[in-house]
Chemist: 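Once you've had a glance at the structure underneath, I'll fire off some questions.
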Amino acid sequence: LCTLNILLSCFCHLNCMGSGFSLFGNMLKCGYEPNVIILMTLVKGLCMDEKIAEASDFFLKMVEIDYPYNEVTFGTLINGLCKMGNNRMALRLLQGMEKGGRRCSPDAYVYSMVIDSLCKDGLIKEAFKLFREMDGKQIIQDVVTYSSLIRGLCNLGEWETVEKLFDEMCERGILPNLITFNILVDALCKERRVEEANHLVGLMNQRGVEPDMITYNTLIDGYCFTGQMDVAMKIFYSIASKGHEPNVVSYSTLINWFCKNRRVDEAMQLFRQMPRKGLKLDAVVYNVLICGFCQVGRIADAKDLFSEMQVHGQCPDVVTFNALMDGLCKNNCLVEALKMFKQMENSGFRPDIISFSILINGLCKAGEIESAKKLFKCISSNGLQPNVFTYTVLIDGLCKSGLIGEAVGFFVQMEEKGCQPD
RNA sequence: CUGGAUCGUUAG
């Protein structure tokens, strides 16, 4: 095991986590019980992503000097795993805590992290299992544990359970805090129940929980979402009287909705106010506007913003490129979109599944079915998986070109690959 | 002084 671990560390050093994982897989197949150390090596390598070399160095030293890893070390690592969406490993590590040479008892922190992560994957049943497991281990759930679960349940629309949990936590003296309320306010808004959300904000005030900028931004987005931009603007302007100042998110929320309603020039006005209010323009605001201009066909303006953001020191990201590529595709500039795809890859940005879907869609709509299929094949070699969107644009393209047989083939394929048609 | 939950942006 020791030898294998060193090898594993080497993979980490070399930034070859793929090899690291296959080694790990082989270890399991050969019947080795991975110990805490092995797992931590693996995790650390993953955690740091770009900083793998340093992380491994550090960890090797930890092992050498029998560094007293503890609940916090575990917490850091489990958190890293969760953030990467690797629930399986996070769970393994959670279970491994008690088994290591130095026994660590899992605490509410690690449990909450994993519960939260499971919830974000919609695995509410698993999350509840852990929640119960805590009871068995006499680990007392706290406000974070409850808030995470509540958020997960909200996302699944399980409101009855939400209410039950909310009451339960109150009864146990675990009082909902600002974040708990913000979660609920947001969930109500996303269900278009904005008035209830607003009412809840009143209620939290009564309970002595002061709304913060996140609360107000959430409401602003909710009112915009339900077509009540006027109400949203009122809230926006009333923020100052509540002792806060609108921040970047407040602005980008409104700008986004002006764009969505094709009111790009008003969006632009708000945008130009931001520096005067001392707000730093971030990549998101730029992305919102670039997308807005593309959607009304003002590609030139979108490109201007693309340059401007770089001048202002904001690095374009995948979203920026995707928005522009989509705009180009939909405005008969397919060739330029493809050029941008190359430019993105050359400047070290990894296209995501959305990039591929956009281009496949563009190719299909331009009648370039063959190229679309070719690009579809490239998806897996980029370490990505086609999703419902990807399949849909391709199937649609095939159908519209009369290639029904091939379309059916992809339909079958998507189901086989566990991608649910919607 | 170390680890956990909440708001805004891109594709059918």
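As a basis for the values below, the full set of heavy atoms in this structure was taken, side chains included, without hydrogen atoms, waters or symmetry mates.
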Chemist: Which pairs count as salt bridge (Lys or Arg N to Asp or Glu O under 4.0 Å) when at least one residue sits in residues 177-187 of chain A, sequence neighbours excluded?
Modeler: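 Passing the test, one end in residues 177-187 of chain A: Asp186(A)-Lys190(A).
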
Chemist: Side chains of residues 405-416 of chain A: which donor-acceptor partners sit under 3.5 Å, not counting sequence neighbours?
Modeler:
from      : atom 1 : to        : atom 2 : distance (Å)
Glu406(A) : OE1    : Lys373(A) : NZ     : 2.6
Glu406(A) : OE2    : Lys373(A) : NZ     : 3.3
Gln413(A) : OE1    : Tyr391(A) : OH     : 2.9

Chemist: Please encode protein proximity along nucleotides 6-12 of chain B as a string of B, S and -, counting only heavy-atom distances under 4.0 Å.
Modeler: BBBBBBB

Chemist: Looking at residues at least two apart in the chain, or sitting in another chain, which of them share a salt bridge (Lys or Arg N to Asp or Glu O under 4.0 Å) with Asp107(A)?
Modeler: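 Salt bridge (Lys or Arg N to Asp or Glu O under 4.0 Å) list for Asp107(A), sorted by chain: empty.
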
Chemist: Taking CG from Leu130(A) and C1' from rG4(B), how many angstroms apart are they, rounded to a whole number?
Modeler: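 My rounded result for the distance is 14 Å.
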
Chemist: I'd like a table of donor-acceptor pairs (distance under 3.5 Å, sequence neighbours excluded) in which one partner is a side-chain atom from residues 327-335 of chain A, with atom names and distances.
Modeler:
from      : atom 1 : to        : atom 2 : distance (Å)
Lys330(A) : NZ     : Asp326(A) : OD1    : 3.1
Lys330(A) : NZ     : Asp326(A) : OD2    : 2.9
Asn331(A) : ND2    : Gly327(A) : O      : 2.7

Chemist: Which salt bridge (Lys or Arg N to Asp or Glu O under 4.0 Å) pairs, counting each pair once, include a residue from residues 271-294 of chain A, with sequence neighbours left out?
Modeler: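 Checked against salt bridge (Lys or Arg N to Asp or Glu O under 4.0 Å) - neighbours excluded - the pairs reaching residues 271-294 of chain A are Arg272(A)-Glu308(A).
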
Chemist: By a strict heavy-atom criterion of less than 4.0 Å, which residues belonging to residues 261-270 of chain A are in contact with RNA chain B?
Modeler: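 Residues of residues 261-270 of chain A under 4.0 Å from RNA chain B: none.
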
Chemist: List in chain and number order the residues that pass side-chain hydrogen bond (donor to acceptor under 3.5 Å, both in side chains) with Glu266(A), two or more places apart in sequence or in another chain; answer none if no residue qualifies.
Modeler: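 side-chain hydrogen bond (donor to acceptor under 3.5 Å, both in side chains) list for Glu266(A), sorted by chain: Arg263(A).
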
Chemist: Name the atoms and distances for all side-chain donor-acceptor pairs under 3.5 Å in residues 353-364 of chain A, with sequence neighbours left out.
Modeler:
from      : atom 1 : to        : atom 2 : distance (Å)
Ser355(A) : OG     : Asn322(A) : OD1    : 2.8
Ser355(A) : OG     : Asp352(A) : N      : 2.9
Ser355(A) : OG     : Asp352(A) : O      : 3.3
Ser355(A) : OG     : Asp352(A) : OD1    : 2.9
Ser357(A) : OG     : Ile353(A) : O      : 2.8
Ser357(A) : OG     : Thr390(A) : OG1    : 3.2
Asn361(A) : OD1    : Lys365(A) : NZ     : 2.8

Chemist: Please list all pairs passing the ring-ring contact (aromatic ring centres under 6.0 Å, His included) test where one or both residues lie in residues 134-173 of chain A, with sequence neighbours left out.
Modeler: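 For residues 134-173 of chain A, and leaving out neighbouring residues, the ring-ring contact (aromatic ring centres under 6.0 Å, His included) pairs sorted by first residue read Phe131(A)-Tyr146(A).
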
Chemist: Looking at the rings of Phe271(A) and Phe258(A), which for Trp means the six-membered one, are their centres under 6.0 Å apart?
Modeler: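 Here the rings of Phe258(A) and Phe271(A) have centres that are no less than 6.0 Å from each other.
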
Chemist: Not counting sequence neighbours, list each pair that qualifies as a salt bridge (Lys or Arg N to Asp or Glu O under 4.0 Å) and has a residue in residues 333-350 of chain A.
Modeler: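 Checked against salt bridge (Lys or Arg N to Asp or Glu O under 4.0 Å) - neighbours excluded - the pairs reaching residues 333-350 of chain A are Lys303(A)-Glu336(A).
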
Chemist: Please convert RNA chain B into dot-bracket. A pair counts if it is Watson-Crick or G-U wobble with both distances under 3.5 Å; crossing pairs go in [ ] and bases paired with another strand get |.
Modeler: ............

